[in-house]
There are 2 protein chains.
Amino acid sequence: MLTDRQLLILKVIVDEFIRSGHPVGSRTLSKKEDITFSSATIRNEMADLEELGFIEKTHISSGRVPSQKGYRYYVDHLLPPVRLTSEDIQTIQSIFHEQIYELEKLIQKSAQILSDLTNYTTVVLGPSVKEHKLKTIQIIPLNAETAVAIIVTDTGYVEKHVVTLPPSIAPSDVEKMVNILNERLTGVPLDELTNKIQTEVAHIFREHIENYDYMLRMLASSLDLNAPAQMFLSGKMNMLRQPEFSDIDKLRALFNIIEQEKEFYRLLRKHNQQGIQVKIGTENDVEGMENCSLITATYSVGGEKLGTIAVLGPTRMEYSRVISLLNLVATDLSKALTMWYQKD
Amino acid sequence: MLTDRQLLILKVIVDEFIRSGHPVGSRTLSKKEDITFSSATIRNEMADLEELGFIEKTHISSGRVPSQKGYRYYVDHLLPPVRLTSEDIQTIQSIFHEQIYELEKLIQKSAQILSDLTNYTTVVLGPSVKEHKLKTIQIIPLNAETAVAIIVTDTGYVEKHVVTLPPSIAPSDVEKMVNILNERLTGVPLDELTNKIQTEVAHIFREHIENYDYMLRMLASSLDLNAPAQMFLSGKMNMLRQPEFSDIDKLRALFNIIEQEKEFYRLLRKHNQQGIQVKIGTENDVEGMENCSLITATYSVGGEKLGTIAVLGPTRMEYSRVISLLNLVATDLSKALTMWYQKD
DNA sequence: TTTAGCACTCGCTTTATTAGAGTGCTAACA
DNA sequence: TGTTAGCACTCTAATAAAGCGAGTGCTAAA
């Protein structure tokens, strides 16, 4: 539908606008090396491209700016193949060459490096803990009334809850309880714990433990992991550098969304298939993100999706570079995690 | 040195400037209810106050603005006694009436409520974990190579480290080790752990544990709590509302400081005596905080300082209100914590 | 000592002016 | 028929000029 020349012009407009941030005029365009025809010709073509909705004017006699549709087309069909500099590659691989033993740290580091390299904001949705398998439960009494319940998973994830104990409970009962729990529940995925306790543990408790009812309720409440999945954010402040957010009100609107985290959680969860996904402007379907694009990738272990890693920037984003970087980080992260999980 | 009338004028200028954010002129002042004399008189007095350095002009024919010295005098001698609204008081006390069993949550909540009520940023320096006493150490093997070491203190604080085990170690040895550690170290403050291990535990290890050397080093590294004390921040984005930071560059400078956390840590640590402390502008001695004031208070248990809670805002801050709120929160937090600790 | 009055100073807002970048259209050219 | 040069026109952004208003300092009178 679009001629080669139109495609060329569209591509150069987007490239140039991403580079400079200013609307692109026909004269500027005609001076680009790839362009062999005159500014008048370009003007004609631009009029067509505008009619088709790929580019827009900011005012009647201004240069052109890519529309959302234009960005979409650019991302889908015109992305220049960007080779990352070896510096970038090295920076990224350096984190994965270090021996890092903590999942959270590794993820946090990935997010940080990505936001540093892109100058945008990075969001990572951590692996859902629900599928991790219980390694051990410990209940450690702190004083007469309270104890801290600690759950450790096979991935090294640790969660703690401070709980109140019934005043009458015997220390030996707590110990007995913990033993029963570990005996029965080790290896069970966290999201099945509550169930399993009801079906398999409850009746044993009933036999052996005083106050079993109270204890069961306590367990249920502290095992009910309301924390859905950890979210890691890095480079929030990079948004301050983007000229599209030099307006303090827009900035505030955006930060509101970022700080809420809820929306992001939804957006990142949506991404289910493998590979890179680019959502431009209103495609995100979040009020206040009309001027933002979100590029997401999943990371996985042995083909099974673990979480999502994403870069948030203005629609005028360096798509090509960000996609390449994100791809690399996601791949390396997946590799690192696969190694990690294989140790079991 | 200052006449009563000058004091009155200074006070009204500061109050009015804090309220409106605009330089205060003699005519505006003369209309205030407390003021019984004419604008010309005020002009004369203002000239004197300016000469003494308490107020400044933003330009030659502008109204007056408090200087840093002016704020200082105001805070030291002219603070209007503010009675908090009962709403404010209720809001604050509501958090402390709930039963909250986790120290971190309680502190985080205090910070949040304070930033919500003041519309400024709140920083809390958590209790230094170093003085907490060890309740138990657990080492939970995850797979052949790694284990997670968990430290629990008498306050319910939990810290974890993923560690590598030497391939040759026997599970029974790990168990033995943990037993020895708990036997010898329970009740020892965290910052003495390393020491105690060297003096009391090392030789026992030597007798009973293979690879004792490696294990000791591992323990040392995972017990060396480089985390000095947790810092909780709340309401960072409130700074976006302050007109003094409508300039994006100033905003960025400030956020840089806030995100670094290092400076704050230093500032909050400095505050050692009891009571409220107000640091205005350059008194903070941090580049980029010339336009900010920091109001700090300590919270404590039984008279012993545990941590610091602070509100950061522009020099044009509602000192009176913030001081009252901070005072209340710090007091209530101390009470709540005293209750908490008494349970032992 | 206080106050009224007045000349004067600036910052801020509005209005004009201009330069520059860009467009659309037309007519001529290959 | 597609391409290009040329031209009139539009609009922004930057700069200058003008007027308003809030405020000052000084003087002289009460």
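Note on naming: letters A, B, ... go to the chains in the order of the sequence lines (proteins, then strands), and numbering restarts at 1 for each one. Nothing here was measured: the structure is a model prediction, and the numbers come from that model.
Within residues 36-71 of chain A, the residues having any heavy atom under 4.0 Å from DNA chain D are, by residue number, Phe37(A), Ser38(A), Ala40(A), Thr41(A), Arg43(A), Asn44(A), His59(A), Ile60(A), Ser61(A).
Residues Ser115(B) and Ser234(B) bring a donor and an acceptor atom of their side chains to less than 3.5 Å of each other. Side-chain N/O atoms of Gln260(A) and Asn256(A) include no donor and acceptor closer than 3.5 Å. Using a 3.5 Å distance cut-off with no hydrogens or angles, the side chains of Thr282(A) and Gln68(A) do pair a donor with an acceptor.
Using a 4.5 Å heavy-atom threshold, the side chains of Arg241(B) and Asn119(B) count as touching.
Using the six-membered ring where Trp is involved, Tyr71(B) and Phe17(B) have ring planes that are tilted, between 30° and 60° apart.
Shown here is Arg269(B), whose CZ atom has no more than 12 heavy atoms of other residues, nucleotides or ligands within 6.0 Å.
Legend: side chain to side chain donor-acceptor pair (under 3.5 Å) pairs involving residues 285-297 of chain B, not counting sequence neighbours, sorted by first then second residue: His271(B)-Thr296(B), Ser293(B)-Tyr319(B).
Nucleotides of DNA chain C that come within less than 4.0 Å of any heavy atom of chain B span, from the 5' end to the 3' end, dT2(C) to dG11(C).
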